[in-house]
Student: 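Pasting a structure here, questions to come.
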Amino acid sequence: MPELPEVETLRRKLDREVVGQAIARADLLTPSMFDGPCPVTDLVGATIEGTRRRAKYLIVDLSNGLSLIFHLGLAGQIVLEKPDAQRVVGGHPIPRYSAPLPHKQTHLVLTFGNDDVLFMTDIRKFGHIWLTPTPKVYDIIPDERRGPEIQSAAFTPEEFRRILRARPRAKLKPLLLDQSTVAGLGNIYVDESLWGARLHPLQTPGQLTDEEIDRLHRSIREVIDLAVEKGVAEIVNNRAVEGSHLPRVHGREGLPCPHCGSPIVRFRVVGRSTYVCEQCQGVRE
DNA sequence: AACTACTCCTGGAGGC
DNA sequence: TGCCTCCAGGAGTAGT
């Protein structure tokens, strides 16, 4: 599932390819995946000036004063195909990045002046695409519903403590999945962060010392930095890929904890599969 | 404040 | 091989 690291690594790869390119053609194959307020035809003729990311949203700023926004949902994927058939890929790995395109799950196709073609696909259609005037990007992504960016200077231990202390009785897992706490975490990286901080998903901020909250803050930063710089978590069919450096607990039920060797346990929290090492993180309920 | 339930969607896995 | 059922979950909203 594309979380912050998946979207950010995709953005960086894409940025190198598309900035400065003009959109020669835009084909919306699945109208239900798109909301304006501007029509898709407004893309044609615009040049890409830059890319940004906020939380799990990928923002593409255009020369005509508009911005194209992608949210990849659970299974969104972007493939940029070059004329020599080389592909720059990111997002959900299914269908295989090598699949012929477009296919029936392809929803938007952008053809550039240099004959590169960008395909946005999503087998579950939980993702979405918007085209809006650049000053109105945050009407689509309301800032007051997003917490701080994890890799920004605003994400300090003090700020994180303040946010958590305001929600003393919320369980850590749903709290961290809430985008208004911290922007960009999803099910996988929440499990990884809690494991790294040796905290249990059902603990609450009210039960934590300042030192423990700082430990969680540090762990979130480390996990996200590691994923963005050294490679994102690899999961196929809900299992961690053998030998991958991430995830370390998510999708590893029954396998030894990398820290202590005890078997990783899976249970449900707010309907989400949750993985813990009970030796390192404790047992609740 | 904190929680649950519900909605969107469909490929893939497992049972028989 | 094939039919059926369940599971995966980001984010928004509504209801308790």
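The chains referred to below are lettered A, B, ... by the order of the sequence lines, with proteins before strands, and numbering in each begins at 1. Just so it is clear, the structure is predicted and the values come from calculations on it, not from any experiment.
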Student: Judged by modelled atom types alone, do A:Lys173 and A:Asn187 share a side-chain donor-acceptor pair under 3.5 Å?
Tutor: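 A:Asn187 and A:Lys173 do have a side-chain donor-acceptor pair below 3.5 Å.
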Student: Let me test you: for the helix from B:dA2-C:dT16 to B:dC16-C:dG2, what is the angle between the axes at its two ends (five pairs each), rounded to 10 degrees?
Tutor: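 Axis-to-axis angle, ends of the helix: 50°.
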Student: Centres of the A:Phe160 and A:Phe155 rings: under 6.0 Å?
Tutor: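 They qualify: ring centres under 6.0 Å apart.
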Student: For A:Glu211, is the CD atom crowded, meaning more than 12 foreign heavy atoms sit under 6.0 Å from it?
Tutor: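 Result for CD/A:Glu211: enclosed.
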Student: Under a 4.0 Å N-O cut-off, is there an ion pair linking A:Glu158 with A:Arg162?
Tutor: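 No.
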Student: I need the CG-C1' distance between A:Asp178 and C:dG9, as an integer number of Å.
Tutor: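 A:Asp178 atom CG is separated from C:dG9 atom C1' by 16 Å.
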Student: Is there a donor-acceptor contact under 3.5 Å linking the side chains of A:Arg145 and A:Ser180?
Tutor: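 Not at all, the side chains of A:Arg145 and A:Ser180 share no donor-acceptor pair under 3.5 Å.
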Student: Centroid separation under 6.0 Å, is that true for the rings of A:His71 and A:Phe34?
Tutor: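 For A:Phe34 and A:His71, the ring centres are not under 6.0 Å apart.
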Student: Under 4.0 Å from any atom of DNA chain C, heavy atoms only: list the residues of residues 203-210 of chain A that qualify, in numerical order.
Tutor: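 Heavy-atom contacts with DNA chain C come from no residue of residues 203-210 of chain A; none.
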Student: Assess, by modelled atom type and distance only, whether the side chains of A:Ser67 and A:Thr134 contain a donor and an acceptor separated by less than 3.5 Å.
Tutor: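 Distance-only check passes for A:Ser67 and A:Thr134.
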Student: Go through the steps for A:Met120 and A:Met33 under the test side-chain contact (heavy atoms from CB on, under 4.5 Å), then give the verdict.
Tutor: CA-CA 10 Å; A:Met120 191 276 190; A:Met33 290 286 291; 4.1 Å; yes
Student: Between A:Glu6 and A:Tyr189, is there a side-chain donor-acceptor contact under 3.5 Å, judged purely by atom types and distance?
Tutor: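 Yes - a donor-acceptor pair under 3.5 Å links their side chains.
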Student: Which part of the nucleic acid does A:Pro168 contact within heavy-atom distance under 4.0 Å: base, sugar-phosphate only, or nothing?
Tutor: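 Sugar-phosphate contact only.
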Student: Indicate for each nucleotide in nucleotides 11-16 of chain C, in 5' to 3' sequence, whether protein heavy atoms under 4.0 Å reach the base (B), only the sugar-phosphate (S), or nothing (-).
Tutor: SSS---
Student: So which atom in A:Lys56 and which in A:Gly184 form the shortest heavy-atom distance, rounded to 0.1 Å?
Tutor: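 Scanning both residues, the minimum pair turns out to be CE-O, 3.3 Å.
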Student: Atom pairs, N/O to N/O, protein against nucleotides 4-9 of chain B, distance under 3.5 Å?
Tutor:
unit_1: B:dC9; atom_1: O4'; unit_2: A:Arg124; atom_2: O; d: 3.1

Student: Does a salt bridge link A:Asp178 with A:Arg167, judged by any charged N lying under 4.0 Å from a carboxylate O?
Tutor: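 Looking at A:Asp178 and A:Arg167, the cut-off is met.
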Student: Given atom CD1 of A:Ile188 and atom P of C:dG9, what is their separation to the nearest angstrom?
Tutor: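 Whole-Å distance recorded here is 8 Å.
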Student: Can you check each nucleotide of nucleotides 2-7 of chain C against protein heavy atoms at under 4.0 Å and return B for base, S for sugar-phosphate only, - for none, in 5' to 3' order?
Tutor: -----S
Student: Taking A:Asp122 for the side chain and A:Phe126 for the main chain, is one N or O donor matched with an acceptor at less than 3.5 Å?
Tutor: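 Yes: the side chain of A:Asp122 pairs with the backbone of A:Phe126.
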Student: Specify the separation, in whole Å, of atom CG of A:Asp122 and atom P of B:dG11.
Tutor: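 Roughly 11 Å, once rounded to whole Å.
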Student: Just compare C:dG10, B:dT10, B:dG12 and give me whichever is closest to any side-chain atom of A:Asn187.
Tutor: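 Nearest to the side-chain atoms of A:Asn187, counting from C-beta on, is C:dG10.
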Student: Report yes if at least one side-chain N or O of A:Gln105 is closer than 4.0 Å to OP1 or OP2 of B:dG11; otherwise report no.
Tutor: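 Looking at the OP1 and OP2 atoms of B:dG11, one of them is under 4.0 Å from a side-chain N or O of A:Gln105.
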Student: Only counting residues at least two apart or in another chain, list the ones meeting salt bridge (Lys or Arg N to Asp or Glu O under 4.0 Å) with A:Glu144.
Tutor: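 Expected list: none.
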Student: Rounded to whole Å, how long is the line connecting atom CG of A:Leu74 with atom C1' of C:dG10?
Tutor: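 Taking CG of A:Leu74 and C1' of C:dG10, I get 5 Å after rounding.
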Student: What I want to check is whether the side chains of A:Thr204 and A:Arg169 have a donor and an acceptor closer together than 3.5 Å.
Tutor: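 No - no donor-acceptor pair under 3.5 Å links their side chains.
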Student: If you measure only the distance, is there a donor-acceptor pair under 3.5 Å linking the side chains of A:Gln77 and A:Thr121?
Tutor: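 Yes, A:Thr121 and A:Gln77 have a side-chain donor paired with an acceptor closer than 3.5 Å.
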Student: Is A:Arg25 salt-bridged to A:Asp27, going by a charged N under 4.0 Å from an acidic O?
Tutor: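 Salt bridge flag = yes for A:Asp27 with A:Arg25.
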Student: Give the rounded distance in Å between these two atoms: CG of A:Leu202 and C1' of B:dC3.
Tutor: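 Rounded to the whole Å, the gap is 13 Å.
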